[in-house]
> 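The structure is given below, and queries will be raised subsequently.
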Amino acid sequence: MRLSRYFLPVLRETPSEAQIVSHRLMLRAGMIKQASAGIYSWLPLGYRVLRNIERIVHEEQARAGHIPILMPTVQSADLWRESGRYDVYGEEMLRISDRHGHDLLYGPTNEELVTDIFRAHVRSYRDLPLSLYHIQWKFRDEIRPRYGVMRGREFFMKDGYNFDIDRDSALHAYNRHMVSYLRTYERMGLRAIPMRAASGPIGGDDTHEFLVLADTGESEVFYDSGITDLTLGDRAVDYDDREECAAIAREFTGPYARTDETHDEALFLKVPEARRKTSRGIEVGQIFYFGTKYSGAMGATVQDPRGRAVPVHMGSHGIGVSRLAGAIIEASHDDDGIIWPEEVAPFRAGIVNVKQGDSATDAACEALYGRMVSAGIETLYDDREERPGAKFATMDLIGLPWRITVGPRGLAKGKVELRCRRTGQGEEMEPEAVVGRLDASSPAASPDAAGTPDTV
RNA sequence: CGGGGCGUGGCGCAGUCUGGUAGCGCACCUGUUUUGGGUACAGGGGGUCGUGAGUUCGAAUCUCGCCGCCCCGACCA
């Protein structure tokens with residue numbers, strides 16, 4: 001993409017309403033524009049990031065065997081009356097009515113809808129297990145939205161629902177989701193820690209939240225520092241292997257890690273003092289097992305092998321996709337701007353033409369840009385008539401992982417500079433070598449990391 | 001919803017107390033200049049001062065109502 005033809009409304013000054021760093025940077029980098037309180041438009045750069053996060057979630061869901069669908073944002077109140085939640089949910093639910101006076105609502109979550117789909121089509125235990133999910137906009141009418149997309153009223157969320165014949169199978173689904181979530185966050189460059197959680201209005205007996213450590217987090221968290229050393233890495237996981245998934249779940253939930261809601265001081269004190277940490281965290285996902293709560297209330301049953309109708313065991317799982325855009329920035333930035341992890345970056349690399357209008361420099365940039373595009377490397381070429389300083393500042397602000405600086409000084413030696421945003425390390429090389437160097441450092445080059453699922 | 005604050009050009013702000021016909025920086029347009037970390041100079045365009053009513057010869061400024069937004073708290077992916 002040539003920047004001169006793009007739409008990247010960066011701001012030199014921070015709008016006064018933005019208080020936390022991710023909100024400030026998203027506004028300054030031209031990623032979002034507030035439409036009204038807690039509701040945002042996603043501008044081109046932000047939209048690219050949002051789509052990347054969504055893509056990673058889809059890919060990891062597919063890998064774990066979960067099936068994408070798409071349910072509507074507007075739902076009938078009748079379904080919620082059936083589950084008993086229409087009255088329980090409270091003011092947070094946006095209630096609307098159509099021209100016939102029928103009560104509708106803008107979905108804050110989708111247990112009712114997905115259960116309705118399930119009971120319409122699934123009759124036999126032999127159709128289980130089934131795990132459906134979608135990524136769709138939600139609306140929760142927060143009393144006080146804040147922190148930009150981290151706590152909007154409208155937000156983009158992956159929510160999934162599993163249906164199993166019994167508790168053991170449902171707990172396997174729970175563990176499977178935990179593993180797939182761990183991998184999802186790792187691919188986004190995040191260390192998200194599963195913490196035992198309180199259940200809230202969704203209900204459920206077993207539930208873990210995933211929290212990213214950041215000073216601006218809304219929850220106070222207590223944890224054994226041993227847990228931050230754990231990584232899933234690229235180990236091959238068989239998602240159908242109950243014991244393997246359970247073992248990974250045990251590994252990642254073994255060390256003490258809880259939010260203030262479930263914190264147990266006595267247990268915490270058993271952690272060796274040197275490893276006892278207190279911090280703040282941003283919740284970026286949650287998984288639940290809630291048994292037959294909805295299936296019982298809404299008649300979602302299957303026939304078991306002996307022909308008896310039994311309510312299915314369910315769980316649900318959510319990842320805040322739009323919130324993650326903010327959370328990643330909270331976890332990865334410096335004074336100059338955002339530092340995108342490779343897989344979520346809006347572009348992988350940026351080219352800075354230091355002397356726009358100089359025929360030799362322009363030609364070198366064009367040639368390099370052409371090679372990058374041909375190689376499939378998403379590149380933003382800053383071909384504006386701007387001073388070098390302004391271009392560097394823009395690149396730092398929008399945080400692309402790699403910057404290639406092209407100017408007369410380097411070209412005199414036949415070189416350009418490739419610089420890593422995260423480390424600040426620069427490296428001079430011939431323009432022809434850039435593509436090869438970026439290919440070698442690609443996260444997609446690691447084993448089976450980025451298979452594209454055929455389902456999405 | 002309780003408490004606090006703010007709405008003046010795209011962004012950041014001054015002007016409001018003490019009414020007199022709107023200003024600064026950045027951004028934008030034109031020209032010259034400059035070109036390896038937000039260049040310099042000159043010229044220029046753009047604002048019914050959130051909104052409605054009232055007071056007044058005269059309202060961004062005073063009074064009342066309404067709307068929007070932000071911050072702290074309880075609540076939430």
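In what follows, chains carry the letters A, B, and so on, assigned in the order in which the sequence lines appear, proteins first and then strands, with residues in each chain numbered from 1.
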> Rounding to an integer number of angstrom, what distance separates B/C24 and B/C49 when you compare their C1' atoms?
16 Å
> Of the nucleotides B/U35, B/C76, B/C72, which has the atom closest to the A/Arg146 side chain?
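Of the options given, the side chain of A/Arg146 lies nearest B/C72.
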> Which part of the nucleic acid, if any, lies within contact of A/Gly426, taking any heavy atom under 4.0 Å across all strands shown: a base, the sugar-phosphate backbone alone, or nothing?
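It contacts nothing in the nucleic acid.
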> Could you check whether A/Arg153 gets within reach of a base, just the sugar-phosphate, or nothing at all, counting any heavy atom under 4.0 Å?
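No contact.
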> Pairing check on B/G68: which nucleotide meets the Watson-Crick or G-U wobble criteria with it, both distances under 3.5 Å?
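Because both required distances fall under 3.5 Å, B/G68 counts as paired with B/C6.
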> Could you check how far NZ of A/Lys138 sits from P of B/C76, rounded to whole Å?
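The answer, rounded to whole Å, is 18 Å.
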> Quickly work out the A/Glu261 CD to B/A74 P distance and round it to whole Å.
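That distance rounds to 12 Å.
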> As a test of reading the structure: which of B/A77, B/G12, B/C69 is closest to the side chain of A/Pro15, going by heavy atoms?
B/G12
> Is the shortest distance from a Lys or Arg side-chain nitrogen in A/Arg280 or A/Asp215 to a carboxylate oxygen in the other one below 4.0 Å?
no
> Could you check whether A/Glu17 gets within reach of a base, just the sugar-phosphate, or nothing at all, counting any heavy atom under 4.0 Å?
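Result for A/Glu17 = sugar-phosphate.
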> Considering every strand shown, what is the Watson-Crick or G-U wobble mate of B/A40 when both distances are under 3.5 Å?
B/U32
> Would you say the side chain of A/Arg421 lies within less than 4.5 Å of the side chain of A/Asp336, judging by non-hydrogen atoms?
yes
> Would you measure the distance from the P atom in B/C62 across to the matching atom in B/U8 and give it in whole Å?
16 Å
> Tell me whether the NZ or CZ atom of A/Arg48 lies within the 45° cone about the ring axis of A/Phe347 and under 6.0 Å from its centre.
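Satisfied, under 6.0 Å and within 45°.
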> Quick one: is the NZ or CZ of A/Arg81 closer than 6.0 Å to the six-membered ring centre of A/Tyr86, and within 45° of its axis?
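Ring-cation test returns yes.
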> What's the closest nucleotide to the side chain of A/Arg140 if the choices are B/C70, B/G36, B/C76?
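Taking heavy atoms from C-beta onward, the closest nucleotide is B/C76.
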> Taking the side chain of A/Ser36 as heavy atoms from C-beta outward, which of B/C69, B/C76, B/G36 is closest to it?
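Shortest atom-to-atom distance from the side chain points to B/C69.
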> Using a 4.0 Å heavy-atom cut-off across all strands, classify A/Val352 as base, sugar-phosphate, or nothing.
nothing
> In terms of the nearest nucleotide of RNA chain B, which residue is placed more toward the 5' end: A/Leu397 or A/Gln356?
A/Gln356
> Give the rounded distance in Å between these two atoms: CD1 of A/Ile20 and P of B/C72.
10 Å
> On a whole-Å scale, what distance lies between the P atoms belonging to B/U21 and B/U16?
14 Å
> For a quick check of understanding: with a heavy-atom distance under 4.0 Å over all strands, which category does A/Gly285 fall into, base, sugar-phosphate or nothing?
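A/Gly285: backbone/sugar contact only, no base atoms under 4.0 Å.
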> Ignoring hydrogens and angles, does a donor from either the side chain of A/Arg144 or the base of B/C76 sit under 3.5 Å from an acceptor on the other?
no
> Students often get this wrong, so: under 4.0 angstrom with heavy atoms, is A/Glu209 touching a base, only sugar-phosphate, or nothing?
nothing
> Looking at every strand, decide which applies to A/Ser322 at a 4.0 Å heavy-atom threshold: base, sugar-phosphate, or nothing.
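The residue A/Ser322 makes no contact with any strand.
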> Taking atom types as they are modelled, would you say the side chain of A/Glu386 forms a donor-acceptor pair with the base of B/G38 within the 3.5 Å cutoff?
no
> Mind checking whether A/Phe118 and A/Phe163 have ring centres under 6.0 Å apart?
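Yes, the ring centres sit under 6.0 Å apart.
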> Rounded to the Å, how far apart are A/His23 NE2 and B/C69 C1'?
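Distance, rounded to whole Å: 11 Å.
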> Could you check whether A/His317 and A/Tyr133 have their ring centres less than 6.0 Å apart?
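When the ring centroids of A/Tyr133 and A/His317 are compared, they turn out to be at least 6.0 Å apart.
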> So what does A/Asp396 hit on the nucleic acid, given a heavy-atom distance under 4.0 Å: a base, only sugar-phosphate, or nothing?
base
> How far does the C1' atom of B/C13 sit from the matching atom of B/A40, given to the nearest Å?
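Going atom to atom, C1' in each nucleotide, I get 24 Å.
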> Kindly say if A/Thr405 contacts the phosphate of B/G36, meaning a side-chain N or O under 4.0 Å from OP1 or OP2.
no
> Strictly by Watson-Crick or wobble contacts shorter than 3.5 Å, is anything paired with B/G47, and which nucleotide is it?
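Because no pair has both required distances under 3.5 Å, B/G47 counts as unpaired.
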> Heavy-atom nearest nucleotide on RNA chain B for A/Arg151 versus A/Gln34: which residue maps closer to 5'?
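Taking each residue's closest nucleotide, the earlier one in sequence belongs to A/Gln34.
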> Taking atom C1' in both B/G3 and B/C29, compute the distance separating them and give it to the nearest angstrom.
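Roughly 47 Å separates the two C1' atoms.
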> Phosphate oxygens OP1/OP2 of B/G38: is one of them under 4.0 Å from a side-chain N or O of A/Arg12?
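Negative; the distance criterion is not met.
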> Can you tell me which nucleotide in B/C72, B/C75, B/G36 comes closest to the side chain of A/Tyr147?
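Looking only at heavy atoms from C-beta outward on A/Tyr147, the closest nucleotide is B/C72.
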> For the C1' atoms, the ones on B/C70 and on B/G12, what distance do you get once it is rounded to whole angstrom?
15 Å
> Could you check whether A/Gly410 gets within reach of a base, just the sugar-phosphate, or nothing at all, counting any heavy atom under 4.0 Å?
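If one applies the 4.0 Å heavy-atom cut-off, A/Gly410 turns out to touch a base.
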> Side chain of A/Ile143: nearest nucleotide among B/C69, B/G38, B/C1?
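Within the option list, the nearest is B/C1.
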> Could you state the atom-to-atom distance from CG of A/Asp335 to P of B/G38 in whole Å?
17 Å
> In terms of side-chain heavy atoms of A/Glu13, which of B/G25, B/C76, B/C69 is nearest?
B/G25
> For nucleotides B/G52 and B/G15, find the distance between their P atoms and express it as a whole number of Å.
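Looking at atom P only, B/G52 and B/G15 are 25 Å apart.
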> Under 4.0 Å between a Lys/Arg side-chain N and an Asp/Glu carboxylate O for A/Asp206 and A/Arg196?
yes
> May I ask which nucleotide in the shown strands pairs with B/A27, Watson-Crick or G-U wobble, both distances under 3.5 Å?
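Answer to the pairing question: none, since B/A27 forms no Watson-Crick or G-U pair.
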> Could A/Arg183 and A/Glu60 be called an ion pair, given the rule that one side-chain N must be under 4.0 Å from one carboxylate O?
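Yes, A/Arg183 and A/Glu60 are salt-bridged.
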> My understanding is that a pair needs two contacts under 3.5 Å, Watson-Crick or G-U wobble. By that rule, which nucleotide pairs with B/C75?
none
> Please pick, from B/C71, B/G36, B/C76, the nucleotide with the shortest atom-to-atom distance to any side-chain atom of A/Phe392.
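Selected nucleotide (nearest to the side chain): B/G36.
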> Return the CG to CG distance between A/Asp78 and A/Leu104, rounded to the nearest 0.5 Å.
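So the gap between those two atoms works out to 9.0 Å.
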> Using the C1' atom on both, measure B/G25 against B/C69 and round to a whole Å.
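Taking atom C1' in both B/G25 and B/C69, they lie 24 Å apart.
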> What is the pairing partner of B/U63, taking Watson-Crick or G-U wobble pairs with both distances under 3.5 Å in any strand?
B/A53
> Taking CE from A/Met26 and C1' from B/C11, how many angstroms apart are they, rounded to a whole number?
18 Å
> When you measure from the side-chain N and O atoms of A/Ser16 to the phosphate of B/C13, is any distance below 4.0 Å, counting only OP1 and OP2?
yes
> Heavy atoms under 4.0 Å, any strand shown: does A/Ala393 hit a base, just sugar-phosphate, or nothing?
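It contacts base atoms.
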